[in-house]
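Here is the naming used below: chain letters follow the sequence lines, and residue numbers restart at 1 for every chain. Below, all heavy atoms of this structure are taken into account, side chains as well, without hydrogens, waters or symmetry copies.
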Amino acid sequence: MPSSRFPIPQGTLDMLILQILSLEPAHGYGIAGRLEQISRSVVRVNEGSLYPALHRLQQKGWLRAEWKQSETGREAKFYSLTPAGRRQLAVEKDSWARLSDAVNLIFEEGSR
Amino acid sequence: MIRLFNWFRRGSLERGLDRELQYHFHRRVADLIAAGIPEPEGRRRVAAELSLTQVREEVRDVWLTRWFRDFIYDLRFSARSFLHSPGFTAATLLSLALGIGATTAIYSLVDQVILHALPIHEPARLVLVDWNGDQVGGGFGSWNLMSYPFCRDLQHQTRFFDGVLCRAEIDVNLATGGNPKPVAAEIVSGSYFSVLGIGPALGRVIEESDDAAPGAGPVVVLSNDFWRAEFGGAADIIGRKLLINQHPMTIVGVAAAAFHGVDVGAVPAFWIPASMYAEAIPGAEDLLHRPTFWMQVLARLRPDLTPAQAQAGLQPWFKAWLQDNMVRPGFPIISADRRRDYLASTLEITSAPQGHSPLRRSLSQPLWLLFAATGVLLGLACLNVAGLFLARGSARGREIGTRLALGASRGRIGRQLLADSLLLAVAGGVLGAAVAPLAIRGLIAFLPHELAANALRGTLSLRLLTFAFFASVAAGLLSGVTPALHAGGDSMVSSLRERAGTGFGGVRLRKCIVTLQVAFSLILVIAAALFVRTLAGLLAKGPGFETSGMLSFAIAPVQSGYTRADAARLVRRVHEEVRALPTTRNSAAARWAFLTGGSWNNAMTIQTGRRIVTGNVNLNAVTPGFFSTLGIRILAGRDFDAHDSRPPGEAGHRSAIVNEAFVKRHLAGRDPLGIPIGVGSGPNVKPDIVIVGVCASFNYRGLRDDSEQVLFPMFEGEDAGATFYIKVRGAPEQAIPSIRRIVRQAAPRLPILWFRTLNDQVKRSLTTERLLAALSGSFGALALLLSLIGLYGVMSFVVTRRTREIGIRLALGATGASVIRLVLGDAVIMIAVGTAIALPCVAALGKFVQSQLFGVTATDPATIAAAALVLAAGALVAAFIPAWRASNVSPTEALRLE
């Protein structure tokens, strides 16, 4: 059996980051921890793709960043959703739902 | 865009990322310690899972797209490598800067003279209205002439036009304070400023009410430049009076800055309403009502119309207008044939966003030719740079091979080389743009002084910089693309296997480039030879009269308020006093100046057995002694004498001298002496002027002119002014002060229009020819130099590469001469193929230059042969140096080289 933790599929990481940040602002380390925690350690985020993704989303205007005191007392870079990011999240959720429905349909059809 | 911005703040971005990743690192370590892992072990583990360098690289790719970052690194790498090879860099930079600078300079003139739209409201809608056919009436001025009544009538055609204006350029005599002086002005209809959409910078512009009736508007509007130059930009200028041709006129405004009239070549100091024609143009008949042709008509087309539509739509109106015009007072009586021609006339409407300009007419073809020549020159410079790049590419073969072996893609290497050439070209462009203003000023210096001073600017504009930039980028791509493709195509293994110092080939490509260069430069050298021969031919031929030691000056007393009778007396007095000067060897006067481009002309009626009416003949009036003073031979009959002049007050000519060309054309086989002729072509012309002499043909308008001429005696009481021709003892300049004194004593307020030696006058009349000869000559020389350098470069390279082979040949007993022949053979093939490419091009391009030539055809075999010979000789010398070096190779050393 392969490892129980697998990397996030290409393209879905952006959506997941937006979703995490829609709950509350967080720094990079926090986002990675939250993703693992919520997915019950199934999902494992590689820092090599997390930080580029954060900067890409920020450049697209979906995230905004500010330096704030973190829970340990050190300054950390906190990301939060912009209104444009919120709209984008809705769009991605919607298309994800339709895609997964379609995939499920195909699986059910095939196994019948 | 945001990415470009990121490049400039990449320092702060990097610091932010560092802090962010540091935080991540510490938190992870802290969590591991909390989970019971000792700190050093934790740090090691985190460092392993978090590869900082890679994360950084990937985030950087987000900031700046990969290709953009690569491109910037490429540029940096290029800049560094250029600094390491200053000789190569200087050679390529110089080639490109020369090419781009020359092209930009010529383009500046092309833009200013030909392309630049007037700085007016919606220039695209401006059209020129011109007459196509026989105008019948008389007139004065240069091109596209129309009558004032026509302009007035056309203004009612509001279906086609939003407004119609007419204008003419004139010279007036301006007196401000003490010294009177001639200045250029524009006389315009009341609609002029409103049609162009030009407002005042101060006061008001000329309005319809100024042009309502003759004498209605004794006002002037100053040009902004003249206001600043002459009055220091005085704010209280409005209301001041100017004395124009001795008539007071009020300054009512200053035109908007940057507006210099509608003619690029004639910049007016001020504008005068057409209603003031009598004051502005002394001696003119009623110009507002008679069908005299003296103004250009421009109109603003309605927005929804094209010039062709307006032209078609106007013809019915024009047909009716032609009929009406025939009953206008002053319309000449004409024959039935002429009437048919007249009534068949049509209107021509052409788009004229650049206004009306005789200068454009005379200069546009030479300028386009020169522009094409600089284009070829720039192409040559690019080829040279491409050749140098290929040479460097082969020297860098090992470096490139190594990079390929380490995994660089061929596209990546090619892009690096392209970055090289782009960087170089843009640097060359900056250098070229920096020298361009100097070059432009040098170019303008070739043009007549009045024009240079007013109309053309030697400064860089945004348009010019844009042009230079695009020229540079094009040059960069052109010179870089061949080496870049070439670098992508060579085998990696072979280049790595080769030893340093030999490098890989590209020789065939370089030979092609040199062959093309030879072809290009041969075309330019042939063009240069043709233009130089034209100039030399014209100079050697001369104007047909004596020019050395000759001085001329002109006065125009009627313009300064003299009556015609007073003017004639003044001219006679000045003439006699100048003749009595000790510095004067001989002196004569003529009514109109020679070699200025213009002439007084009219048709002539000759009464032999029947009446013959000629086409336009150039006319002038000269004093007795004119022919001997200027050294023009009298071939038959006699010179004028005192008896040919009529007493003052009596009009009309009594006798005439015609030139040889006139006799050949109209009186072939007859004895011309005693034949009566008359001025004009109508049935009411009385041929009562008797031909008393025939003179040798000489040039009137310019050096190419071989027109028929009829000369009348001067001092008949009709002279508004005169140009004096003086054969001086000693240097012509020394006679000037005493002549000035004579004029000042005879007429204290009369300006002398110019003082010129005839040699200078000849030089001035050859402006275009000198421009073409000098520029094409220098372009030809530059082109030759560039291609010889290219040839030398490739031959040296070939010799270096074949050193071993040559060494073996020599060791086996070949002679030095045979080695030279071997190497030269290569060069001869390149020269021969280049020439073979160039000759058909010359034949094809010949028709574009033919009209600029004199005494030589564009495909003149002797000229082409001479140019080809010069090129071949230069090329053989350039190839001989490496060949000779090859023949001196010592076989032992050549073999040891390996």
Side-chain angles (χ1 to χ4, degrees), chain A residues 3 5-8 10-11 13-14 17-18 20-21 25-38 41 43-80 82 84-85 88, chain B residues 1-37 39 41-72:
Chain A
S3 161
R5 288 152 61 110
F6 53 87
I8 295 174
Q10 189 82 39
L13 178 61
D14 289 5
I17 291 174
L18 290 176
I20 299 288
L21 289 177
H27 46 70
Y29 187 75
I31 295 171
R34 202 76 49 83
L35 272 174
E36 270 193 76
Q37 185 191 348
I38 297 179
S41 297
V43 171
R44 158 96 183 88
V45 190
N46 180 5
E47 291 81 2
S49 45
L50 174 68
Y51 284 97
L54 282 172
H55 282 261
R56 190 169 49 244
L57 293 174
Q58 186 185 358
Q59 197 152 289
K60 281 181 177 166
W62 294 337
L63 301 186
R64 115 182 101 233
E66 58 182 330
W67 288 92
K68 275 197 305 202
Q69 196 119 64
S70 73
E71 53 280 14
T72 58
R74 281 181 63 139
E75 286 253 293
K77 194 177 178 188
F78 277 80
Y79 293 91
S80 58
T82 63
Q88 178 65 21
Chain B
M1 208 59 235
I2 196 165
R3 296 199 161 124
L4 204 64
F5 182 63
N6 281 345
W7 170 257
F8 293 106
R9 56 181 190 125
R10 62 188 190 284
S12 83
L13 284 173
E14 291 280 353
R15 278 192 301 279
L17 181 63
D18 271 349
R19 271 175 78 193
E20 192 176 8
L21 295 178
Q22 283 289 323
Y23 179 81
H24 187 106
F25 188 88
H26 286 297
R27 280 295 297 273
R28 184 87 180 115
V29 172
D31 282 357
L32 287 179
I33 292 170
I37 295 167
E39 187 176 340
E41 166 66 8
R43 279 182 175 280
R44 203 189 48 73
R45 227 200 266 181
V46 177
E49 56 179 55
L50 184 70
S51 93
L52 283 173
T53 340
Q54 200 201 333
V55 174
R56 271 203 203 101
E57 262 310 290
E58 289 192 14
V59 174
R60 279 185 203 128
D61 277 350
V62 173
W63 293 339
L64 293 165
T65 28
R66 173 60 70 90
W67 69 264
F68 185 77
R69 224 150 46 94
D70 286 351
F71 184 66
I72 283 173

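- Applying the side-chain contact (heavy atoms from CB on, under 4.5 Å) rule to B/Q22 yields the partners B/H26; only residues at least two apart in sequence or on another chain are considered.
- Within the 4.5 angstrom heavy-atom criterion, only side-chain atoms of B/L21, from C-beta onward, approach chain A.
- Contact count versus chain B (heavy atoms, under 4.5 Å) is highest, among A/R56, A/R74, A/Q58, for A/R74.
- For a heavy-atom cut-off of 4.5 Å, chain A lies close to B/R27, B/R28, B/D31 in residues 27-36 of chain B.
- Listed by first and then second residue, the ring pair (Phe, Tyr, Trp, His ring centres under 6.0 Å) pairs that reach into residues 51-72 of chain A are A/Y51-B/H24, A/H55-B/W63, sequence neighbours excluded.
- Shown here are the side-chain contact (heavy atoms from CB on, under 4.5 Å) partners of B/S12, two or more places apart in sequence or in another chain: B/R9, B/R15.
- Listed options B/R19, B/R60, B/E58 were ranked by heavy-atom pairs under 4.5 angstrom with chain A; first place goes to B/R19.
- Contact of B/R56 with chain A is not made at all, since no heavy-atom distance falls under 4.5 Å.
- In this structure, no portion of B/Q54 lies under 4.5 Å from any heavy atom of chain A.
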